[in-house]
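Throughout, a chain's letter reflects where its sequence line sits, starting with A, and its residues are numbered from 1. Just so you know, these numbers come straight off a predicted model, no measurement behind them.
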Amino acid sequence: MKISDKILAFFDGHKRDLPWRNNPTPYKTLVSEIMLQQTRVDTVIPYFNRFMKELPTISSLAKADDELLYKLWQGLGYYNRAKNLKKAAIIIMEKHGGIIPNTISELESLPGIGPYTAGAIGAIAFQINTVAIDGNVLRVFSRYFGITDDIRLESTKNVIKSRLEGIYPANRLNDFTEALMEIGAIVCLPNGKPLCDTCPLSNACFAYSNKMIDVIPLKSKLVHRRKELKTVLFIKKEDRVLILKRPRTGILSNLWELPNIEGHLSKEEVLLWLSQNGLPASRVLSGINFVHIFTHIEWNMKSYVVQIDQIPFHMENDFIEITEIEKKYSVPTAFLPFFNQFK
DNA sequence: AATACGGGGCA
DNA sequence: TGCCCAGTATT
């Protein structure tokens, strides 16, 4: 039995029931693949279902209100994906007549779509004979071929790509592409924990036969995570809280945040900051402290709850009812504990 | 070639 | 704690 047949047979017998696999369309493939970038399937599922309900077509996505778009993405992370997805939808409407393009080069020219996603959409939605190399595929085939180089290196990905091209079947490119990733996701697990007993590749797997599953793949360490101190202010007047829109670029771009200041401030320093910013406070109380960890930054946040007597007239539109914030404003996870402390 | 970019789940 | 995740854009 050819290796590709074994892989396809495994997929037929073990594939998970995922929402984007029900009555698949290129649009479902596009949205799911963007959401799945660096994000687990289980995390994506509820986001995908909500997204498809609110924005069921390319055209609705292209016209979507930005606040709705970011709200649908709240908590999913890598928020530029949402921005780029809408940009891509607009380009598809304007330059491709509303039809998702069916060539790798056209797909890859869209914002937010790189080599992996173009390959995945090309193969899954359009049966293009192309390789889609994600983290799963790198792990499965570095083990299978016995490739001991650092899988973060572009050169290693190219080696795996060319080796992989040699085992592609003539048809069912869509199922085969998903099958490779499915094996990585449910059998060939990371951290030396693969379930080789149930793996369709084990009898020809280099790492398995050489007892090297715990050393392959080799992956270099990430750079050090820097620490930042912040003081977060929960400034409220009855049911309304002051929130600010973050810049269009950088971390958590376009999302809404609580006012925050670099460093850990004392109550007196907070009072000074408030008066300098035209916010005379009636009371400043210590709030909760919280640590939020990003991939490359750690925010150590100290908070204060500030009650003010009167909202300055020029800030009238910046104080939003909490229930309204929950419904319509996209607030990054890092700030949610400060809202939840009152529940 | 290296870094910025989220958040959660699991040893 | 550290690793990993259906990666891409920017520098």
Applying a 4.0 Å non-hydrogen cut-off, can you work out what [X] is touching in the nucleic acid: base, sugar-phosphate, or nothing?
| X | answer |
| --- | --- |
| A/N80 | nothing |
| A/R16 | base |
| A/F294 | sugar-phosphate |
| A/R246 | nothing |
| A/G184 | nothing |
| A/I34 | nothing |
| A/W73 | nothing |
| A/V41 | base |
| A/S32 | nothing |

Quick check on DNA chain B: between A/R40 and A/L153, whose nearest nucleotide comes earlier from the 5' end?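 Here A/L153 is the residue nearer the 5' end.
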
Over how many whole Å does the gap from [X] atom [atom1] to [N] atom [atom2] extend?
| X | N | atom1 | atom2 | result |
| --- | --- | --- | --- | --- |
| A/I293 | B/dG9 | CD1 | P | 14 Å |
| A/E33 | C/dC5 | CD | P | 15 Å |
| A/M35 | B/dG8 | CE | P | 15 Å |
| A/D214 | C/dC3 | CG | P | 16 Å |
| A/Q38 | C/dT8 | CD | P | 9 Å |
| A/H296 | C/dC3 | NE2 | P | 17 Å |
| A/E257 | B/dG6 | CD | P | 13 Å |
| A/I124 | C/dA6 | CD1 | P | 13 Å |

Name the closest nucleotide to the A/K193 side chain, picking from B/dG7, B/dA11, C/dA6.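 Between B/dG7, B/dA11, C/dA6, the one nearest the side chain of A/K193 would be B/dA11.
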
Could you work out which one of C/dG7, B/dG7, C/dC4 sits closest to the side chain of A/D134?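 So the nucleotide nearest the side chain must be C/dG7.
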
For DNA chain C, what residues of residues 154-180 of chain A have any heavy atom nearer than 4.0 Å?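 The answer is A/E178.
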
Show, in sequence, the C-alpha distance, side-chain angles and deciding distance for A/K230 and A/N260, and conclude whether the side chain to side chain donor-acceptor pair (under 3.5 Å) test is met. CA-CA 6 Å; A/K230 281 182 173 294; A/N260 58 87; 3.0 Å; yes

Side-chain contact, heavy-atom cut-off 4.5 Å: A/R226 with A/E298?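 No, too far: nothing below the 4.5 Å cut-off.
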
Between A/H292 and A/W299, what is the ring plane arrangement, given parallel below 30°, perpendicular above 60°, and tilted in between?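 Tilted: the ring planes of A/H292 and A/W299 meet at 30° to 60°.
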
Measuring only the P atom in each nucleotide, how far is B/dG6 from C/dT10? A whole number of Å is fine.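 Per the computed distance, 14 Å lies between those P atoms.
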
Mind checking the C1' distance from B/dT3 to C/dA6? Whole angstroms is fine.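 It comes out at 22 Å once rounded to the nearest Å.
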
Donor/acceptor link under 3.5 angstrom from [X] side chain onto base of [N]:
| X | N | result |
| --- | --- | --- |
| A/Y78 | B/dG6 | yes |
| A/T39 | B/dG6 | yes |
| A/T333 | B/dG7 | no |

Without hydrogens or angle criteria, can the side chains of A/E67 and A/S330 be said to hold a donor-acceptor pair below 3.5 Å?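 The criterion, which ignores hydrogens and geometry beyond distance, is not satisfied for A/S330 and A/E67.
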
Distance under 6.0 Å and angle within 45° of ring axis: A/R172 vs A/F176: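 No; the conditions do not both hold, so A/R172 does not lie above the ring face of A/F176.
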
Do the numbers put A/K28 on top of the ring of A/W20, so that NZ or CZ is under 6.0 Å from the six-membered ring centre and no more than 45° off the axis?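 Because its charged atom misses either the 6.0 Å distance or the 45° angle limit, A/K28 does not stack over A/W20.
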
In terms of hydrophobic clusters joined by side-chain contacts under 4.5 Å, are A/L271 and A/M315 together?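 A/L271 and A/M315: one cluster.
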
Are A/R21 and A/E182 within salt-bridge range, i.e. N to O under 4.0 Å?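 Judged by the 4.0 Å cut-off on N to carboxylate O distance, A/R21 and A/E182 do form a salt bridge.
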
Does A/H292 place a side-chain N or O at less than 4.0 Å from the phosphate oxygens OP1/OP2 of B/dG7?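 Yes, A/H292 has a side-chain N/O under 4.0 Å of OP1/OP2 on B/dG7.
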
At under 4.0 Å, does any side-chain N or O of A/N191 touch on OP1 or OP2 of C/dC3?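 Answer is no, no contact under 4.0 Å.
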
Hey, which of these two, A/G112 or A/R21, hits DNA chain C nearer its 5' end, going by closest nucleotide?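 The answer here is A/R21.
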
Of all the heavy-atom pairs spanning A/P217 and A/R143, show the shortest one and how long it is.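 Taking every non-hydrogen atom into account, CD-NE, 3.8 Å.
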
